[in-house]
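Remarks on the structure that follows.
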Amino acid sequence: MAEAKMNKTDALRYFWGKAHPENQMQASDSSTLMHPLIAHVLDVAAVAILLPGSDRLGLDNRQLGMLIALHDIGKLMPSFQKKVPACWPKQGLGSYSENYIESRHDADGFLLLSYFCAEALDSLFKNSDDAQLDWLESEKDQLWRAVAGHHGKPAACDWDKRKQDPSFKFIAPYAQQFIQILLKVFNPPALPLFHSPDCLRRLEWQLAGLTNQADWIGSQKTWFPYVTPDAVMDATAYFWNHALPHAQKAILQAGLGPVEVASFQGIERLFSHIQKPSPVQDVMQSVALPDGPALVIIEDMTGSGKTEAALVTAHRLMASGRASGLFVALPTMATAHAMYDRLVEAYRNLFLPSSRPSLALAHSRALLDERFVSVLAPDDALDVTFIPDDRASAAEICCSAWLGRDSRRALLAQVGVGTIDQALMAVLPVKFATMRQAGLAGKVLLVDECHAYDSYMQEEMAALLRFHAAMGGSAILLSATLTGAVRQKLTTAFQDGLRIQETATLSSAAYPLVTLVGAENVLELPCNARDELKRTVAVHLISDEASVVHIIKDAAAKNAAVAWVRNSVDDVIASAQALTTDSIKPIVFHARFAMIDRLAIEREVLRRFGAKSSEADRAAVLIASPVLQESLDIDFDVLCTDIAPMDLVIQRAGRLQRHKRNKRPIESEELYILSPVTEKNVDKNWISHFLPKTAGVYRNAALLWRTADVLKHEKEIKSPENIRYLIEQAADLSDVPEALMGDRNSAEGRGRAEKGLAMQNVLNYEAGYAPDVALWESDIRTPTRLEDEPHVTVRLAIIEGQTVRPWAAFIDSSLETQHQQKRAWALSEVSVRRKQLAHCLIPPEAKEAASRARSVWSWWEREAEDQFLLLLLTPNESGWQGSGRNGKGQDVVIQYDQLYGLQIFPAISG
DNA sequence: AAGAAAAAAAAA
């Protein structure tokens, strides 16, 4: 029996917007199997209107609500409605049919808005009868693609072909009626014509981000329980009485409720441990900041208190209304953790005590961090009415589970700390980049250690700064030293984003230095160094390994703390073995250990050589790979290093007699650099004959030669006086030996290629949120970092009978529990070049146990079988061993022990 | 001919 068809307005409430997948349905209560489309779009519109920060778009709430509510109009199409047959709106579409062409509702939505319903939307753009004041079609399309592209990338399809689908003719009247209903709910005044294309472009990106964000919140079923079609009989009533109150609560539970920035009242109020501000902190407290969006670059020595100076700057920018929050980007997960720990103490002081801002940790492994997980409030358990009244609870950290459980959402937290990669993905055509943009918008972007990047990442950084400035954001960059070229590049990028025609030229060579960049002017402000940090290190170039060994043995005999930074892991292990005697037992430190062992070594190294180490503990020899130049706060009486590029040599030298100590076995500050002799007539194997593995790691021999040669003449590293000079001199490769020019040129070529690749990959702000102007989620994910060579992640495991245990659980039995499984596996990882190890052998009798072990890994870890290798270890006389094949398919033996780490040898055949 | 360290990974 044919159902009597309803009129369109009545029928519309039966179209669904959200529904359970068929198999999870419970037939008992058919009325709430689905959430009506009208209800869903009003929910999302309500969220958008109430989200703090949505006022930055500069739209009237009625206009904003209208635009956002249109985001899912494509779901009216039968090709969407048929997806859940039980929810098919027969009241409008007649009896169910499967015969509709497959399509995407985001692309269909765009077509409805831009083409089939243009007239119905006229009133939204009609300012007067003067056609001069009308919006252009292309301008309207910018808005439509922003709201339609809410599935992580711009909606796309073969538009001309898709238009031919007869369903459009059939659905258009419904869509027009749908629009009428929304117009009645919101009653939006006409959108003013934008006086500049820049403003419209910004609105396009902002609207795309906000739609996305509001859709994610508005799609949470726990916050927006399904309602019956009857509930939206009166759409206006639903919006006011249902959508808005639910949205308000949802926003609070998402941890995105309104917060108020405290006024800036001096660095001591922000950090209780600071009694006397350092010079750079003094400057950043008092200097006049440029008007409008600002870029601040702080170059100063490690230990100068840059981070606090930067947070002071961020607070001042926030307090002056230029930002509502902060994201701190760091080069590694480890440094992100350290920064998180520092912010835990201070971040609440940025806001009024009555505000409850979230502090989120944003990187791929944040959920393996016990401390972060422990502060995550369970969804819905957050008491939204709770306002702490005593200081103790006001000081407590918080982060909603909704924000904390996904790295893209984590960027939305008022204060975020994470890897730089999380921010960079905002300017790459990866899925939900607009979410990340929304997270960064209106925040101060604080990038720490921003010298630590290659050409590819530098170009991404420039793109990020350009984008951030164009969106009206401010940024702070921290570094020990940047070359003039890099500082100029980043400054120009920021000014580009501000639409400055004639960007500033930087000139200062002072150090330490604060660079203040605004739209109007640029100021380079020399700054004093902290007295305690001023120092002179004597540099000795040594051209034979035996002498280094001799120096180390000599120092060890005097009970000094001595370290040798070697460039390759194999060299580290070989030298450690060669140095081992009855009295010397070197500590070996590199990254080819299972993470749990590496962390244990790190703790041991900190204990022995850290600020609080005792004289007895310090009498030790450490042989380390370049991991040592990373952020560990340790110091040595004597330091040796293989030759490396200048900035790294300086960084390594920072580990020499860094702390004040009453008495040292060796008082003079001397750095010994193992390097071949620098002469003009060297041959092209200058470095590879002398330190073959170093030649593989630092592939620009000219740069190494130049570094050694500059240091040979300069003879000392003097902070702060000659730091800038050393860096700039070493970077100048115009006059290197003839034989090394080939190397220099190919390194330059690689750099240029990387830069080109990055330029090709990053989003073009100007081109807008459009499908064809970037490789949006093409076949290969656009990476935040280039990998020069493919690596595999090896997960170490112990096999005993039929049980496979992660190595970490074997080392630390507290990791044996069910809920620690993921952490245990992550702590058992080592990264190895695929060339060395491509496949691990699993004996047939262990196959079953091995696949049982793998089954608890996440879907991509299981999926990428050649990327995540399970290595089964069995004990042998010197530790543990397993077997596998290298990249060429040859059999190899893998040796593992806690002293030297992972080593791979060719298998002895026969 | 040699090879550090570092990040990311679904959906609305």
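Letters A, B, ... mirror the listed sequences (proteins, then strands); counts begin at 1. Note that the coordinates shown come from a computational prediction; the quantities given were computed from them, not determined experimentally.
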May I have the distance from Asp421(A) (atom CG) to dA6(B) (atom C1'), rounded to whole angstrom?
8 Å
Check ion pair Arg598(A)-Glu829(A) (N to O, under 4.0 angstrom):
no
Under 4.0 Å, heavy atoms only, any strand: does Glu789(A) hit a base, just the sugar-phosphate, or nothing?
base
Return no unless some side-chain N or O of Ser219(A) is found under 4.0 Å from OP1 or OP2 of dA11(B).
no
Output the rounded distance in Å from CE (Met595(A)) to P (dA5(B)).
11 Å
Within this structure, what is the CD-to-P distance between Gln220(A) and dA11(B), rounded to whole angstrom?
15 Å
Base, sugar-phosphate, or nothing: which does Val569(A) touch, judged by heavy atoms less than 4.0 Å apart?
sugar-phosphate
Distance, rounded to the nearest Å, where Met333(A) contributes CE and dA8(B) contributes C1'
9 Å
Which residue lies toward the 5' end of DNA chain B, Ala695(A) or His791(A), if each is placed at its nearest nucleotide?
Ala695(A)
Check step by step if side-chain hydrogen bond (donor to acceptor under 3.5 Å, both in side chains) holds for Asn761(A) and Thr782(A).
CA-CA 7 Å; Asn761(A) 281 351; Thr782(A) 315; 5.2 Å; no
Does a side-chain N or O of Thr332(A) approach OP1 or OP2 of dA5(B) to a distance below 4.0 Å, or not?
no
Would you call Arg699(A) and Ser746(A) a side-chain contact if the rule is heavy atoms closer than 4.5 Å?
no
Determine, for Trp857(A) and Arg795(A), whether the Lys NZ or Arg CZ falls below 6.0 Å from the six-membered ring centre while staying within 45 degrees of the axis.
yes
Under 4.0 Å, heavy atoms only, any strand: does Arg834(A) hit a base, just the sugar-phosphate, or nothing?
nothing
Using a cut-off of strictly less than 4.0 Å, decide whether Gln422(A) has a side-chain nitrogen or oxygen near OP1 or OP2 of dA7(B).
no
Length of the CZ-C1' vector between Arg566(A) and dA4(B), whole Å:
14 Å
What contact category does Ala591(A) fall into here, base, sugar-phosphate, or nothing, at under 4.0 angstrom with non-hydrogen atoms?
sugar-phosphate
Is the shortest side-chain heavy-atom distance between Leu674(A) and Arg566(A) below 4.5 Å?
yes
So Lys221(A) and Tyr226(A), do their side chains get closer than 4.5 Å, heavy atoms only?
yes
Heavy atoms under 4.0 Å, any strand shown: does Asp570(A) hit a base, just sugar-phosphate, or nothing?
sugar-phosphate
Should His363(A) be listed as having a side-chain N or O under 4.0 Å from OP1 or OP2 of dA7(B)?
no
By nearest nucleotide on DNA chain B, pick out whichever of Gln867(A) and Leu786(A) is the more 5' one.
Leu786(A)
Think Lys431(A) has a side-chain N or O under 4.0 angstrom from the OP1 or OP2 of dA11(B)?
yes
So, using ring pair (Phe, Tyr, Trp, His ring centres under 6.0 Å) as the criterion, who are the partners of Phe589(A) when residues are at least two apart?
none
Any base atoms under 4.0 Å from Arg436(A), or only sugar-phosphate, or nothing? Heavy atoms, all strands.
sugar-phosphate
Would you indicate which nucleotide in dA11(B), dA7(B), dA4(B) comes nearest to any side-chain atom of Arg785(A)?
dA7(B)
Between dA8(B) atom P and Leu368(A) atom CG, what is the distance in whole Å?
12 Å
If only side-chain N and O atoms of Arg598(A) are considered, is one of them under 4.0 Å from the OP1 or OP2 phosphate oxygen of dA6(B)?
yes
Within the 4.0 Å heavy-atom criterion, would you say Ser568(A) contacts the bases, only the backbone, or no part of the nucleic acid?
sugar-phosphate
What is the nucleic acid contact for His150(A), judged by heavy atoms within less than 4.0 Å: base, sugar-phosphate only, or nothing?
nothing
Could you work out which one of dA7(B), dA12(B), dA5(B) sits closest to the side chain of Lys18(A)?
dA12(B)
Answer with base, sugar-phosphate or nothing: what part of the nucleic acid does Arg365(A) contact at a heavy-atom distance below 4.0 Å?
nothing
If you check the Trp216(A) side chain, which of dA12(B), dA5(B), dA9(B) turns out closest?
dA12(B)
Check the distance between dA8(B)'s C1' and Glu829(A)'s CD and give it to me in whole angstrom.
12 Å
Phe432(A), nearest nucleotide to its side chain (from dA9(B), dA11(B), dG3(B)):
dA11(B)
Closest nucleotide among dA9(B), dA11(B), dA5(B) to the Trp860(A) side chain:
dA9(B)
Provide, to the nearest angstrom, the distance between the CZ atom belonging to Phe224(A) and the C1' atom belonging to dA12(B).
13 Å
